[in-house]
There are 2 protein chains.
Amino acid sequence: MSRADTKERILDAAERLFGAEGFHNTSLRGLTSAAGVNLAAVNYHFGSKEALLEAVFERRLVPLNRVRRERLEAVREAARRDRVLPGAADVLRAFIEPTLHFCKMEPGAESFLPLVGRALAEPDDTIRKIFLRHMEPLFLLLYETLCEALPRLSRTQIFWRLHFTIGAMGHTMCMNGRFKILPPGVETPSDAAFLTQVLLDYIVAGMEAPCA
Amino acid sequence: MSRADTKERILDAAERLFGAEGFHNTSLRGLTSAAGVNLAAVNYHFGSKEALLEAVFERRLVPLNRVRRERLEAVREAARRDRVLPGAADVLRAFIEPTLHFCKMEPGAESFLPLVGRALAEPDDTIRKIFLRHMEPLFLLLYETLCEALPRLSRTQIFWRLHFTIGAMGHTMCMNGRFKILPPGVETPSDAAFLTQVLLDYIVAGMEAPCA
DNA sequence: GAGCGATTAAAACAAACGTATGACACAAAT
DNA sequence: ATTTGTGTCATACGTTTGTTTTAATCGCTC
């Protein structure tokens, strides 16, 4: 019955469970039974659990990063054409906004975000490498574009500030939805557009801050 | 031979391995053989692997958080005495600087930092709870003090900006030392004082940023 | 419709894990 | 000198893990 879509079913369940419970805390038995497929199907279609994780990343990251790259280079090109510096806010928005649109389009993608957030802090180097293989070229492009936008800062300064920015973004993606501690007087809007604006205010100010 | 210090040996090895390899990736067999103690010693002295993690957190976090609390309340008190608002930079420095001094004093504490950084992104709720039990009261105090320092911002705004700040700090602690991707032209100083200053410049600007 | 490659099903595999057990060593106290 | 309690040791237990294997089933071409 479910011949061709078995791979998709596995990918969907893996994305959801890896994002919610973590990679190591998700067993292939729980995953395959959640997907309604046989236990051996993972190893047959993907080869191993790690290769499945790789496929999960690839399915989302390849189209998403293509859009991000296009938007980053559009910002770069527009600035070069107008003979001005690219704005740090435009650069960062070009990197962040596609994630937002992408999550509205693809169903189930919201459970992908925590997975990305955790990959940044992953202790297991094998897992981290799988993620960074897709992200490293884009991080470098983002870094170089930020260096163009902020010529008054040293490359070392920009590197660390980008590092903080990635940390803030990753942590936000990790906590997507479930919050344990909510101080009184704080509404948890979960309005993605609002949250993106608050995030952008923060990281743009941090990026453009004067050095002490 | 190693009567009383067996517990300490286990705690030291656990701190190092949990920080470097992660909690779930560290087996009790590897841990006890690294500590030079018997496999059963962990369950004898601590009861379980999770209780050991709790003890690892407690040993460092209790004294560290006491200092942080004192410094936060000193900033608060000084502002109240002078009838001025506490400065956001002073508040954040009161929270961050003790970590720096604490890591210089206690040997092996630098491997504790990645453990803290990862606890924030931990998918396993049991582990997260153990960490948050020590941190939540202090996060709340930090949050309230920041609300005093930044009365022009809504509590929701400050909540999210503190959230980003914690993410930036956690990610920095995770990457303490080992870096995979280093763009050309970036020196990796690892000078903790310098890094703290760069971090403070960033998060203070992010905290004080105007709302768009 | 026979034959064949591709896919699924059920069961078994070896390895690793956290934990528990029971014997032993060595103090200090009785 | 004997008891008692504490800590250490080697070892075994029961589970769970990812992976492999062996059969059975399905869809298709000739």
Side-chain angles (χ1 to χ4, degrees), chain A residues 1-57 115 118-119 122-131, chain B residues 1-57 59 115 118-119 122-130:
Chain A
M1 54 154 86
S2 52
R3 291 167 327 286
D5 51 343
T6 292
K7 285 184 77 167
E8 292 287 326
R9 299 251 295 279
I10 293 176
L11 282 173
D12 289 339
E15 180 171 73
R16 187 165 54 84
L17 290 174
F18 289 167
E21 325 270 358
F23 178 73
H24 284 293
N25 298 21
T26 302
S27 73
L28 285 185
R29 282 166 178 81
L31 196 157
T32 48
S33 88
V37 304
N38 188 266
L39 169 60
V42 168
N43 283 276
Y44 176 78
H45 284 286
F46 298 94
S48 71
K49 191 186 179 188
E50 271 186 8
L52 169 60
L53 178 67
E54 164 117 44
V56 168
F57 275 130
L115 180 58
R118 279 198 207 98
E122 175 61 49
D124 189 334
D125 257 22
T126 316
I127 299 181
R128 255 177 64 84
K129 286 260 172 81
I130 291 175
F131 172 72
Chain B
M1 53 155 88
S2 51
R3 294 161 325 285
D5 51 343
T6 291
K7 284 185 77 168
E8 291 288 324
R9 299 250 297 278
I10 293 177
L11 282 172
D12 289 339
E15 180 171 74
R16 187 165 54 84
L17 289 174
F18 288 167
E21 324 271 357
F23 178 73
H24 283 293
N25 298 22
T26 301
S27 72
L28 286 185
R29 285 166 175 82
L31 195 156
T32 49
S33 87
V37 304
N38 189 268
L39 169 61
V42 168
N43 283 277
Y44 177 79
H45 284 285
F46 296 94
S48 71
K49 191 187 179 186
E50 271 186 8
L52 169 61
L53 179 68
E54 165 118 44
V56 168
F57 275 130
R59 177 170 70 150
L115 179 58
R118 280 200 204 97
E122 175 62 48
D124 188 335
D125 257 22
T126 316
I127 300 181
R128 255 178 64 85
K129 286 261 171 81
I130 292 174

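Atom set for the values below is all heavy atoms of this structure, side chains included, hydrogens, waters and symmetry mates excluded. Chain identifiers are assigned alphabetically (A, B, ...) following the order of the sequence lines, protein sequences preceding nucleic acid strands; residue numbering begins at 1 within each chain.
Heavy-atom distances to DNA chain C give each of B:His24 and A:Ala41 a nearest nucleotide, and the one nearer the 5′ end belongs to A:Ala41.
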Show each protein N/O and nucleotides 19-27 of chain C N/O combination with a separation under 3.5 Å, one pair to a line.
residue, atom, partner, partner atom, Å
C:dT19, OP2, B:Lys49, N, 3.0

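Atom OH of B:Tyr44 is separated from atom P of D:dC9 by 12 Å (rounded to the nearest Å). In this structure, B:Asp124 atom CG and C:dC17 atom P are separated by 17 Å, rounded to whole Å. One can place CG of A:Asn25 at 21 Å from P of D:dT15, the figure rounded to the nearest angstrom. Going from atom CG of B:Leu52 over to atom P of C:dG18 covers 11 Å, rounded to whole Å. The separation between B:Phe46 atom CZ and D:dT6 atom P is 17 Å, rounded to whole Å. Remark: P of D:dG7 and CD of B:Glu8 are 14 Å apart, rounded to the nearest angstrom.
For A:Phe131, the ring pair (Phe, Tyr, Trp, His ring centres under 6.0 Å) partners at least two apart in sequence or on another chain are A:Phe57. Remark: B:Asp124 pairs with B:His24, B:Thr126 by the side-chain hydrogen bond (donor to acceptor under 3.5 Å, both in side chains) rule, at least two apart or across chains. Scored by the salt bridge (charged side-chain N to carboxylate O under 4.0 Å, His left out) test, B:Arg16 finds no partners at all (sequence neighbours excluded). Here A:Leu39 pairs with A:Leu28, A:Arg29, A:Thr32 under the side-chain contact (heavy atoms from CB on, under 4.5 Å) rule; sequence neighbours left out. Legend: residues meeting salt bridge (charged side-chain N to carboxylate O under 4.0 Å, His left out) with A:Glu15, ordered by chain and number and at least two apart, are A:Arg59, A:Arg60.
When distances are taken from the side chain of A:His45 to each of D:dT8, C:dT7, D:dG18, the shortest belongs to C:dT7.
The side chain to side chain contact (heavy atoms under 4.5 Å, CB included) test with B:Phe23 is passed by exactly one of B:Leu17, B:Ile127, B:Leu115: B:Ile127.
Within the cation-pi definition used here (under 6.0 Å to the ring centroid, within 45° of the axis), A:Lys49 does not qualify as a partner of A:Phe18.
Contact annotation: A:Ser27 reaches the phosphate of D:dT17 (side-chain N/O to OP1 or OP2, under 4.0 Å). Put simply, B:Thr6 has a side-chain N or O that comes within less than 4.0 Å of OP1 or OP2 on D:dT8.
Counting non-hydrogen atoms under 4.0 angstrom, A:Thr32 reaches nothing in the nucleic acid.
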